[in-house]
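First up is the structure itself, then whatever we jot down about it.
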Amino acid sequence: MNFNLSEEQNMLKDSVARFVQDEYDFETRRSNAANPLGFNPDNWQTFAELGWLSIPFEEAYGGFGGGPTDVMAVMEEMGKGLVVEPFVATVLMFGGLLSKSDNPALKDANIEKIIDGSLQGAFAYVERQSRFELADVKTQAKRDGDDFVLNGEKTVVFNGAAANKVIVSARTSGEQCDEAGITLFLIDADAPGVERTQYRLMDGQLVANIKLNDVRVAASQVVGKVDEGYTLIDSVVSDVTIALCAEALGIMQKLNTTTIEYTKTRQQFGVAISSFQALQHRMVDMFMAGEQAKSILYRAVCAAEGEADDLAKNIAALKVMIGRNGKLIGDEAIQLHGGMGLTDELDVGHYVKRLMMINTTFGDADYQQQKFNRLAYAE
Amino acid sequence: MNFNLSEEQNMLKDSVARFVQDEYDFETRRSNAANPLGFNPDNWQTFAELGWLSIPFEEAYGGFGGGPTDVMAVMEEMGKGLVVEPFVATVLMFGGLLSKSDNPALKDANIEKIIDGSLQGAFAYVERQSRFELADVKTQAKRDGDDFVLNGEKTVVFNGAAANKVIVSARTSGEQCDEAGITLFLIDADAPGVERTQYRLMDGQLVANIKLNDVRVAASQVVGKVDEGYTLIDSVVSDVTIALCAEALGIMQKLNTTTIEYTKTRQQFGVAISSFQALQHRMVDMFMAGEQAKSILYRAVCAAEGEADDLAKNIAALKVMIGRNGKLIGDEAIQLHGGMGLTDELDVGHYVKRLMMINTTFGDADYQQQKFNRLAYAE
Amino acid sequence: MDITFSAEELAFRDQVREFLAQNWTPDLARRIRGEDEEFKAAQIEWQNKLNDKGWLAPGWPVEHGGVAWSVTENFIFETERSLAGAPDVVPFGLKMVAPVIYGFGNEEQKQRFLPRILKSEDWWCQGYSEPGAGSDLAALKTKAELDGDDYIVNGAKVWTTYAQYADWIFCLVRTDASGKRQDGISFLLIDMKSPGITVNKISSIDDHHSLNEVVFDNVRVPVANRIGEQDKGWTYAKALLAHERTSIAGVADSKRRLRDLRKLLSEEISGGRPLIEDVQFQNRLSNTEIELMALEYTELRVLASTADGKGPGVESSLLKIKGTEIQQAIQQMYMDLAGYYSGVLHGDETAESIGHAFGHDARKAYMYGRAATIYGGSNEVQKNITAKYVLGL
Amino acid sequence: MDITFSAEELAFRDQVREFLAQNWTPDLARRIRGEDEEFKAAQIEWQNKLNDKGWLAPGWPVEHGGVAWSVTENFIFETERSLAGAPDVVPFGLKMVAPVIYGFGNEEQKQRFLPRILKSEDWWCQGYSEPGAGSDLAALKTKAELDGDDYIVNGAKVWTTYAQYADWIFCLVRTDASGKRQDGISFLLIDMKSPGITVNKISSIDDHHSLNEVVFDNVRVPVANRIGEQDKGWTYAKALLAHERTSIAGVADSKRRLRDLRKLLSEEISGGRPLIEDVQFQNRLSNTEIELMALEYTELRVLASTADGKGPGVESSLLKIKGTEIQQAIQQMYMDLAGYYSGVLHGDETAESIGHAFGHDARKAYMYGRAATIYGGSNEVQKNITAKYVLGL
């Protein structure tokens with residue numbers, strides 16, 4: 001039993017850490033996020049050169065063949081830097097769906113371009129009414145000869161503004177909330193009938209709503225199998241959840257360190273506020289919340305590496321704890337920074353906002369807890 | 001608007017407080033509880049002489065005609081003394097059911113005896129399977145001429161060991177959990193077919209299980225109306241809930257005071273532990289929990305005095321808060337007393353145990369919260 | 001114990017409802033949610049309507065234009081105002097500096113400032129906190145040195161809400177650094193147009209401009225603008241703090257926010273069912289609602305005790321702590337209700353073109369609300385106060 | 001990262017399961033839940049079975065009869081033992097004084113005490129806490145004065161678990177009061193049959209006799225019973241504390257308790273439905289279960305780090321705090337499940353004649369469990385330690 005990274009994984013982690021250290025101070029991050037693309041395209045090329053964009057892909061397609069542990073190592077460091085480049089959206093979500101699909105033609109045509117940095121992707125799965133239900137899909141895809149014709153609207157598409165290609169979930173059969181009958185389509189972002197509205201989220205992401213008006217897609221562009229898209233979505237969402245939680249862990253560690261340092265310098269009533277026992281105990285609670293989050297992340301990664309039976313339960317537990325402990329740490333980080341915690345110039349609020357978006361993505365702690373309950377107690 | 005007690009109420013409250021002060025130190029309380037009756041019968045006569053046993057009854061039956069505020073004033077002080085005499089069981093529950101029933105003959109025959117201290121009563125409503133559902137009644141009552149014949153078992157009957165008479169809920173029609181079809185019967189505790197098993201609860205109460213084997217009761221001993229007992233139960237349980245919560249408030253105040261005093265004397269690391277800021281903040285939380293409990297008790301009493309529409313919601317909210325805040329205060333009282341809090345010689349553990357039994361009675365905080373939710377959100 | 005309303009009080013409630021129905025118009029409600037000058041103008045318009053009715057200044061002495069409501073009337077007004085969604089007055093003039101002026105100011109100051117506050121002709125802001133002194137108010141360093149009939153003020157105040165609109169600022173300044181920290185502080189009223197004052201915007205996490213830094217560079221303030229005696233300012237300021245804590249509790253506003261939240265929850269569908277049917281959300285709602293039901297009575301107890309002449313007392317810290325915790329819990333529920341849309345920053349896009357109408361507002365309220373446990377003496381400081389003065393620890 | 005079991009480890013697991021199936025009999029389980037001598041005899045019987053198998057003393061040096069399990073093997077054994085409902089060994093001899101004896105004792109002490117501990121011939125108890133010194137261990141006042149070849153010990157120890165059964169007690173005593181509080185403390189092994197020792201029962205809130213006060217009145221203890229050097233006892237004791245915290249976490253036992261609780265919840269009916277279908281109870285279960293899932297890995301991380309030779313380190317405080325919080329949350333759920341029956345004290349009556357079989361046990365566990373956040377260095381002291389040594393505050 002060990003929780004050590006391999007030498008290769010350590011090198012990967014260090015290379016991300018070094019990049020964040022050298023190229024991603026808070027002011028640079030601000031200007032990267034302010035780029036009209038939502039990120040800095042030069043950084044994206046750097047990621048390609050450093051091989052990061054190849055991490056989760058099979059070696060047969062030019063990938064690094066990395067697993068959950070590799071992704072965790074990278075994401076934790078990206079979290080510390082609040083990296084806005086769409087590694088998750090393009091590589092893990094868009095790339096993950098292609099990679100896990102059983103479709104060599106689509107893989108051939110796209111994975112190489114993801115890896116060399118020339119293709120930006122997105123996965124459009126949220127709808128106005130769907131909340132966190134991945135199976136709540138109203139967007140319709142009707143067969144018409146060798147094509148499908150798509151109509152509907154997707155909202156809050158991560159990297160939706162910059163994406164060249166988008167994978168869209170649409171209903172080919174079944175009722176609005178059925179898991180069966182969902183199909184994934186790979187479309188060009190500028191295909192006729194695609195209408196994008198872009199906007200920003202509080203964590204700096206540039207996202208888009210995508211309206212589909214009679215968008216025509218060839219049947220060859222189906223990712224996975226017709227009517228069976230949900231299984232693919234579920235599997236990729238599971239992987240991406242681990243990645244986002246690793247990012248959140250990096251953020252929590254950063255917030256804990258920052259808060260401890262701040263309280264050591266901030267003077268009130270003639271002494272550093274770090275000397276107040278009530279605050280010390282709260283910082284211990286923050287520390288414990290971070291350590292427990294780390295442990296449950298390791299647990300989920302081990303389950304994913306071993307393809308454990310209870311993976312779904314571990315993932316739900318992970319997401320619950322990351323949401324709750326992230327909130328505790330975020331709240332306390334702001335509170336212990338006092339007025340300074342409220343200013344936009346300080347990085348604290350920005351870390352907290354990203355934690356909040358991660359909590360929401362794929363369902364917040366309450367939602368995931370109910371999922372856990374169903375898995376654990378409804379035998 | 002005011003939250004003052006009337007002069008009469010203040011006198012009542014003071015008389016209970018004085019009794020507790022003079023006659024009910026912790027050692028005396030222990031020996032009262034150890035009495036084979038479960039309480040000290042001399043004290044009961046004192047209560048009768050002081051007029052306390054007459055408080056909630058109509059003046060027409062020799063009562064004081066007191067309302068929820070009077071009961072609250074008395075119970076808060078009884079809580080501070082951990083009084084074991086069965087004021088709640090005999091006067092408020094047993095007496096309350098008789099008093100609210102529309103049956104002058106039963107009132108004539110019994111209320112006077114309650115007031116003069118010669119009659120001990122109990123209300124048997126819990127069954128093995130019923131948990132907190134007042135309407136979950138399996139005990140059967142079958143009509144047989146002018147009588148009813150009762151069969152079944154009641155458990156955890158408060159004052160069930162000492163009671164001379166018992167009011168029993170039994171099913172005369174309907175399904176096991178129906179509110180309709182429950183009838184209340186007044187039976188002699190030593191009637192043929194009544195079998196009592198007595199035992200103690202952790203708060204010192206002597207209670208009993210009561211088995212009913214073909215117990216014959218005259219129809220004239222029906223309290224309220226046949227099949228309509230639930231409404232009466234509901235109304236009396238509402239009154240008694242306020243009383244128990246007032247008792248709990250007295251206990252919380254006592255625990256808060258005791259804990260503060262203890263931390264001022266207990267030395268660790270060379271200083272009184274009351275000087276540790278982390279503990280100070282926790283004692284502030286205890287204080288706030290007590291003040292909030294007091295406020296919601298006042299709110300419920302005002303609603304009961306004014307017979308407000310949303311009384312049921314207020315009562316549920318009260319019970320939730322008393323349960324939760326009582327747990328917080330009880331836990332912290334033991335924790336801050338350290339090893340001393342674990343000893344049976346100190347009164348702290350005994351106060352905590354009584355708080356725990358009050359939380360359980362009529363449904364714990366979780367149960368009452370679901371009731372609140374139904375009342376508040378299921379429009 | 002008696003909280004039932006008398007016939008007179010019920011009549012007063014009807015009067016309040018009628019006033020709100022006529023004066024708190026949808027148009028005004030829309031404008032007051034605007035930014036900058038639109039907000040300022042709408043807020044003043046609303047205060048003027050209240051003033052025309054004679055209801056702007058409960059608690060002020062009647063001779064200065066106040067309204068002598070009973071505790072119950074005040075409670076009725078606040079409840080109705082809040083349920084209608086109408087905002088509180090901006091407190092800095094009406095609730096914070098005015099009591100100091102009519103309590104400790106001289107006749108000339110009363111005549112000069114109070115009428116203009118009532119007419120909302122002067123917008124006030126509060127100069128207490130400093131960069132180095134947050135909840136530790138007495139550590140303030142902004143210095144005022146006497147020079148003839150003027151003080152020369154140097155230093156900086158921070159976290160000054162709405163300083164960008166303000167005509168006047170009331171400040172605690174240090175006039176003597178030799179003694180105890182609470183001594184040697186004076187209470188000055190300073191014209192924001194005075195030469196040497198700079199207002200620097202503080203960008204805050206809610207992306208809304210409310211906070212500022214106010215820098216004083218050799219600002220001349222006439223001695224006539226000092227309240228009471230020199231070096232005694234701490235006494236005057238302290239009288240305010242308990243009141244500030246009470247009003248921060250925001251009980252009536254939280255009731256309205258919960259009511260609106262329940263409505264939104266019954267409209268939001270998750271997995272085919274309204275979110276309000278979700279037991280977990282119900283529990284979060286009722287956790288907060290029950291605390292608020294209690295806090296409403298805690299506030300009434302404080303008010304009743306004040307009416308009995310016993311003063312708001314130390315329970316005001318409890319009101320501040322619990323009140324702000326409740327506010328934040330409500331803000332969090334709005335965020336969770338909004339889900340993905342809680343992250344939306346509106347630029348050129350409307351809420352309708354994106355998704356939920358309330359996600360953007362939920363986020364702003366949430367972020368702005370982080371301040372509530374920090375300002376007015378942080379909740380930690382309130383606990384210190386309670387431990388010391390209430391529990392005797 | 002790798003936590004999969006090797007084929008050897010899986011084989012070991014089967015071996016453990018087989019051992020438990022054969023040796024942890026229902027009869028033994030019944031007797032070990034008994035009181036006083038019945039409990040003591042059954043506990044010793046169980047320990048002897050483990051010793052016969054060679055599994056009683058993981059972590060001890062092999063030459064003294066220990067078993068050299070890997071971290072993974074130890075984890076497997078603990079998990080299986082706990083899931084089977086078998087108890088841990090009584091720690092005072094095997095886990096607390098033995099490491100001090102084989103770590104710091106002389107050869108004669110090793111030969112004299114260790115074999116008897118392995119055979120459970122000596123029952124040990126721990127003499128650390130004193131009436132005036134709880135979590136502040138170094139404030140201890142029990143005095144040992146040299147008199148020829150003996151120390152004369154005077155003072156009292158308190159909260160001494162199972163002192164009523166004990167043959168020996170290991171004590172921290174003060175041999176020098178002149179210097180720093182941590183200095184001048186010595187570590188003595190004292191025969192409980194020595195003249196001058198009185199054991200006073202402490203009645204505790206769980207109505208079970210486990211706690212005692214041990215009073216020393218001019219008790220003679222041979223110098224040969226001192227571990228290591230005089231005045232250096234603090235060093236030896238300290239090495240134990242981190243281990244104590246780790247084992248207090250009780251992760252494996254909490255897993256079993258949760259498993260059993262789920263079963264009881266699915267059997268308990270409330271309003272016609274099994275209580276396990278109640279969302280509120282599900283949430284309380286999963287709140288605890290998720291913390292425990294994490295803590296299990298926190299413990300594995302600590303164990304893995306120990307195996308790497310880095311030592312358990314300061315995370316042991318975290319294990320103690322979270323582990324005991326989880327235990328208490330579970331105890332509370334058992335209480336709430338038992339409802340009215342949680343209050344039942346059995347006298348002559350059986351659980352069956354009253355109601356639920358588990359109400360009485362739930363209450364005992366709950367009440368006894370209050371101690372877990374107090375002993376072994378209270379959770380508050382653990383937070384102080386973490387703040388200082390981990391966070392550098």
Side-chain angles (χ1 to χ4, degrees), chain A residues 126-133 135-136 155-156 175-177 197-205 207 209 266-270 273 276 278-279 282 327 330-331 334-346 348-350 352-353 356-357 359-361 363-367 369-370 373, chain C residues 129 131-136 138-139 158-159 181 202-207 211 268-272 275 278-281 283-284 328 332 335-349 353-356 359-360 363 366-368 370-371 373-375 378-381 383-384 387:
Chain A
V126 182
E127 299 190 356
R128 281 197 184 226
Q129 83 293 343
S130 69
R131 208 171 155 79
F132 305 133
E133 299 294 333
D136 184 346
T155 61
V156 201
E175 299 297 315
Q176 183 182 324
C177 292
T197 308
Q198 67 174 50
Y199 52 93
R200 277 195 190 274
L201 298 184
M202 61 175 163
D203 60 356
Q205 286 187 85
V207 301
N209 282 12
R266 172 70 175 167
Q267 302 268 325
Q268 291 267 276
F269 306 102
I273 63 173
F276 293 124
L279 302 193
R282 283 161 64 174
K327 174 161 172 60
D331 282 354
I334 290 181
Q335 183 71 20
L336 297 184
H337 275 83
M340 287 306 293
L342 304 174
T343 64
D344 201 55
E345 280 88 4
L346 210 72
V348 169
H350 296 265
V352 171
K353 286 171 181 174
M356 290 167 74
M357 278 314 301
N359 176 41
T360 293
T361 304
D364 61 22
D366 280 6
Y367 177 86
Q369 186 170 19
Q370 303 219 23
N373 291 347
Chain C
S129 288
S135 287
D136 181 14
V158 79
W159 319 126
R181 298 191 321 157
I202 297 176
S203 293
S204 60
I205 55 174
D206 64 345
D207 302 298
L211 301 179
E268 175 79 5
I269 305 297
S270 174
L275 208 49
D278 177 303
V279 177
Q280 194 146 350
F281 229 119
N283 283 340
R284 289 177 60 191
Q328 292 186 345
Q332 180 69 55
M335 289 295 278
D336 292 345
L337 162 63
Y340 284 109
Y341 304 102
S342 66
V344 173
L345 302 185
H346 289 310
D348 298 333
E349 300 307 325
S353 76
I354 289 168
H356 285 49
H360 178 70
R363 188 187 49 74
Y366 179 91
M367 290 298 167
Y368 183 71
R370 296 302 95 190
T373 44
I374 295 168
Y375 66 40
S378 73
N379 285 17
E380 290 76 18
V381 167
K383 288 194 179 180
N384 291 345

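Order of the sequence lines sets the chain letters (A, B, ...), proteins ahead of strands, with each chain counted from 1.
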Q: Go through the atoms of C:Asn384 and report whether side chain, backbone, both or neither lie under 4.5 Å from a heavy atom of chain A.
A: neither
Q) Which bit of C:Ser342 is near chain A, if near means a heavy-atom gap under 4.5 Å: side chain, backbone, both or neither? A) both
Rounded distance (nearest 0.5 Å) linking atom [atom1] of [X] with atom [atom2] of [Y]:
X        : Y        : atom1 : atom2 : result
A:Met202 : C:Met335 : CE    : CE    : 4.0 Å
A:Asn373 : C:Gln280 : CG    : CD    : 7.0 Å
C:Ile202 : A:Glu345 : CD1   : CD    : 8.0 Å
C:Ser270 : A:Tyr367 : OG    : OH    : 6.5 Å
A:Ile334 : C:Ile374 : CD1   : CD1   : 7.5 Å

Identify which part of [X] has an atom lying under 4.5 Å from any heavy atom of chain C, answering side chain, backbone, both or neither.
X        : answer
A:Leu346 : neither
A:Tyr199 : side chain
A:Thr197 : side chain
A:Gln335 : both
A:Met356 : side chain
A:Ser130 : neither

Option in [options] with maximal non-hydrogen atom pairs under 4.5 Å from chain A:
options                                : result
C:Glu268, C:Arg363, C:Arg370           : C:Arg370
C:Leu345, C:Asn379, C:Val344, C:Asp336 : C:Leu345
C:Ala371, C:Ala138, C:Ser129           : C:Ala371

Among [options], who wins on heavy-atom pairs under 4.5 Å with chain C?
options                                : value
A:Cys177, A:Gly339, A:Ala135, A:Ala365 : A:Gly339
A:Gln370, A:Gln176, A:Arg282, A:Glu127 : A:Gln370
A:Gln369, A:Gln267, A:Arg266, A:Gln205 : A:Arg266

**Q.** Nearest heavy-atom neighbours spanning C:Leu275 and A:Arg131
**A.** CD2-CZ, 3.5 Å
(Q) If we ignore hydrogens and angles and just use 3.5 Å, is the side chain of A:Arg128 paired with the main-chain N or O of C:His356 as donor and acceptor? (A)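 Absent.
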Q. Do the side-chain N and O atoms of A:Asp331 and C:Gln328 include a donor-acceptor pair separated by under 3.5 angstrom?
A. no
pair [X]-[Y]: side-chain heavy atoms closer than 4.5 Å:
X        : Y        : result
A:Val352 : C:Ile205 : no
A:Thr360 : C:Tyr341 : no
C:Arg284 : A:Asp366 : yes

Q: Kindly indicate, with the supporting measurements, whether the criterion side chain to side chain contact (heavy atoms under 4.5 Å, CB included) is fulfilled by C:Ile269 and A:Gln129.
A: CA-CA 7 Å; C:Ile269 305 297; A:Gln129 83 293 343; over 6 Å; no
Q) Which of these, A:Val156, A:Thr155, A:Leu201, A:Val207, sits in a side chain to side chain contact (heavy atoms under 4.5 Å, CB included) with C:Tyr340? A)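 Considering A:Val156, A:Thr155, A:Leu201, A:Val207, a side chain to side chain contact (heavy atoms under 4.5 Å, CB included) with C:Tyr340 is found only for A:Val156.
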